[in-house]
Amino acid sequence: MMSRLLLFLRRLPRQLWFRVVALSLFSLLALAMAPLMTPFLSDDLSDRFGREAVLPVLTILASGMLAVTTFSLNVMVSAYRTASSTATPRVYRLLLEDTVTQSVLATFTGGFVYALSAIILFRAKVYTPEAAVIVFGLTVLMVVLIVIAILRWIDHLSDLGSMDHTLRLIETRSRDSLQARKTTPCLGGRCHTGAEVPEGPPIPAARSGFVRVIDMAAINARAQDADVDVYLTRLPGEFVLRGRPLAIAPQADDDFCQAISELVDIGDVRSFEQDPTFGLTLLAETAQRALSPGVNDPGTAIEVMGRIERLLWETLPEDTDARDDDARFARVHLAPVTAAALLKASFPPIARCAKEAPEVLAWMDKALTALEHHPNAEMPGAVQDLRKSLLG
């Protein structure tokens with residue numbers, strides 16, 4: 001179950017509220033620690049940087065940061081809705097993980113919480129004149145952080161919600177996912193084809209939804225203890241109904257199958273963690289939206305295909321088979337992500353919408369011709385099959 005905990009901790013910093021809460025708590029902690037630092041101050045500092053010096057600044061911060069935070073949230077929501085309407089609705093969840101936006105909003109909110117809390121503590125006469133000097137120093141530090149955040153926010157707003165920013169974000173996350181699969185073609189297990197799966201009791205899905213993350217380490221550990229092999233029949237990104245088979249475990253009992261079922265994370269939406277085709281699907285959907293009659297933007301579709309071509313050329317491994325002696329999780333078997341599957345997620349949706357855009361089809365033919373020279377042994381045949389079905 002440790003892998004589930006690590007997965008939760010990995011996803012936690014991507015949540016919008018996480019940095020906001022973390023910086024707000026840090027601000028409160030700094031205010032609580034201020035009285036403890038007074039023994040290190042000289043007596044004359046309290047006359048220059050006391051209560052009267054810091055309270056006006058705190059009042060300005062408390063009123064100003066509330067307005068700035070509200071305005072920034074409105075801008076963020078508006079920009080993300082624009083990106084979702086011009087690219088694909090599924091990119092909204094990806095945009096919410098933008099670290100720059102999260103850091104800026106966390107700084108603004110943390111500044112508001114800090115200033116308001118400090119004012120309350122001053123009015124309650126909690127702080128001594130010496131502690132007020134520490135609060136003054138913390139306030140100066142907070143002002144510096146806020147100024148830096150404003151400068152970052154101004155620079156980020158020039159690109160936020162634009163098509164370039166959206167495509168760049170999708171490509172970056174797709175590259176990470178594809179690169180991870182390039183390093184471990186079968187998620188660290190042994191590769192197999194569908195014809196190699198033996199007969200045995202099925203491992204049912206615990207719920208209906210998309211397979212998102214497979215806990216390979218935990219499954220392998222349980223399989224070693226039970227001295228059985230597990231053959232996964234559903235890959236990350238595939239949809240499965242509750243009770244339908246996720247895997248096959250020859251010679252396994254019901255308790256083992258139930259335990260393995262709990263080690264496969266299934267959710268309502270797809271994720272990037274172990275699904276290398278998800279990013280390619282988002283790029284293809286963006287090109288489809290650009291080719292719709294209401295938008296009619298073949299240039300964006302061509303740019304998307306250029307990004308897809310670059311991703312496939314740079315991240316597809318030369319060999320998609322995991323040798324038995326290289327498998328970290330030798331008791332777990334699953335099918336590798338093939339070149340044909342990556343091509344199917346990328347180009348057919350665009351081709352269906354590009355019948356009235358010959359320049360887009362011409363670029364697609366050019367991209368497929370270039371990918372035919374990829375060193376991956378499966379790519380030339382997959383490209384030829386795709387070209388026959390799409391371009392004739």
Side-chain angles (χ1 to χ4, degrees), residues 7-23 68-110 149-180 210 212-213 236-237 267-292 294-295 297 299-301 303-304 306-308 310-311 345-346 349-350:
L7 178 62
F8 172 78
L9 294 177
R10 182 180 178 182
R11 290 174 176 174
L12 188 61
R14 299 176 184 172
Q15 302 298 317
L16 179 60
W17 59 267
F18 177 79
R19 298 193 186 196
V20 175
V21 173
L23 191 54
V68 170
T69 302
T70 304
F71 171 77
S72 299
L73 285 172
N74 291 332
V75 171
M76 182 198 73
V77 172
S78 177
Y80 288 179
R81 286 180 177 176
T82 301
S84 298
S85 61
T86 56
T88 170
R90 273 149 295 284
V91 80
Y92 189 85
R93 297 188 298 270
L94 186 59
L95 291 169
L96 287 176
E97 299 177 1
D98 183 18
T99 56
V100 176
T101 303
Q102 291 179 356
S103 298
V104 169
L105 290 175
T107 303
F108 293 160
T109 307
I150 290 175
L151 294 177
R152 293 182 66 192
W153 190 229
I154 292 174
D155 179 70
H156 194 55
L157 284 179
S158 63
D159 199 35
L160 185 64
S162 66
M163 182 62 71
D164 291 339
H165 174 260
T166 303
L167 291 178
R168 186 166 58 249
L169 192 61
I170 298 175
E171 182 181 3
T172 300
R173 290 297 301 275
S174 302
R175 183 179 298 276
D176 294 341
S177 182
L178 287 165
Q179 193 67 40
F210 292 96
R212 300 197 295 186
V213 176
D268 296 331
V269 296
R270 297 171 67 178
S271 66
F272 281 92
E273 278 94 353
Q274 294 181 353
D275 185 2
T277 62
F278 184 40
L280 298 174
T281 301
L282 294 183
L283 288 171
E285 289 179 352
T286 303
Q288 287 181 285
R289 178 68 62 87
L291 292 171
S292 63
V295 179
D297 182 15
T300 296
E303 182 182 350
V304 166
R307 293 177 183 271
I308 292 175
R310 179 167 56 201
L311 284 171
S346 305
I350 303 176

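Any value given below was found using the heavy atoms of this structure, including those in side chains, with hydrogens, waters and symmetry copies removed. The shown structure was predicted, so the numbers you read here are calculated from the model rather than taken from an experiment.
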Determine, step by step, whether D176 and F272 satisfy the side chain to side chain contact (heavy atoms under 4.5 Å, CB included) criterion, reporting the C-alpha distance in whole Å, the side-chain angles of both residues, the deciding distance to 0.1 Å, and the verdict. CA-CA 9 Å; D176 294 341; F272 281 92; over 6 Å; no
Can any side-chain N or O of [X] pair as donor or acceptor with the backbone N or O of [Y] at less than 3.5 Å?
{"X": "S103", "Y": "V100", "result": "no"}
{"X": "N74", "Y": "T70", "result": "yes"}
{"X": "S85", "Y": "T82", "result": "yes"}

With sequence neighbours excluded, tell me which residues meet side-chain contact (heavy atoms from CB on, under 4.5 Å) with [X].
{"X": "V68", "answer": "M65, S72, F108"}
{"X": "T107", "answer": "L23, L145, I146, A149"}
{"X": "R14", "answer": "R10, E97, R173, E273"}
{"X": "E303", "answer": "D164, L167, R307"}

Are there over 12 heavy-atom neighbours, none belonging to R310, within less than 6.0 Å of that residue's CZ? yes
Find out whether [X] and [Y] are in side-chain contact, i.e. whether some heavy atom of one side chain is under 4.5 Å from a heavy atom of the other.
{"X": "L95", "Y": "M76", "value": "no"}
{"X": "L169", "Y": "L94", "value": "yes"}
{"X": "V91", "Y": "S84", "value": "yes"}
{"X": "T281", "Y": "R270", "value": "yes"}
{"X": "D98", "Y": "Q102", "value": "no"}
{"X": "T166", "Y": "T86", "value": "no"}

Partner set under side chain to side chain donor-acceptor pair (under 3.5 Å) for D297, not counting sequence neighbours: T300
Partner residues of R19 under the salt bridge (Lys or Arg N to Asp or Glu O under 4.0 Å) criterion, sequence neighbours left out: none
Could R289 and E285 be called an ion pair, given the rule that one side-chain N must be under 4.0 Å from one carboxylate O? no
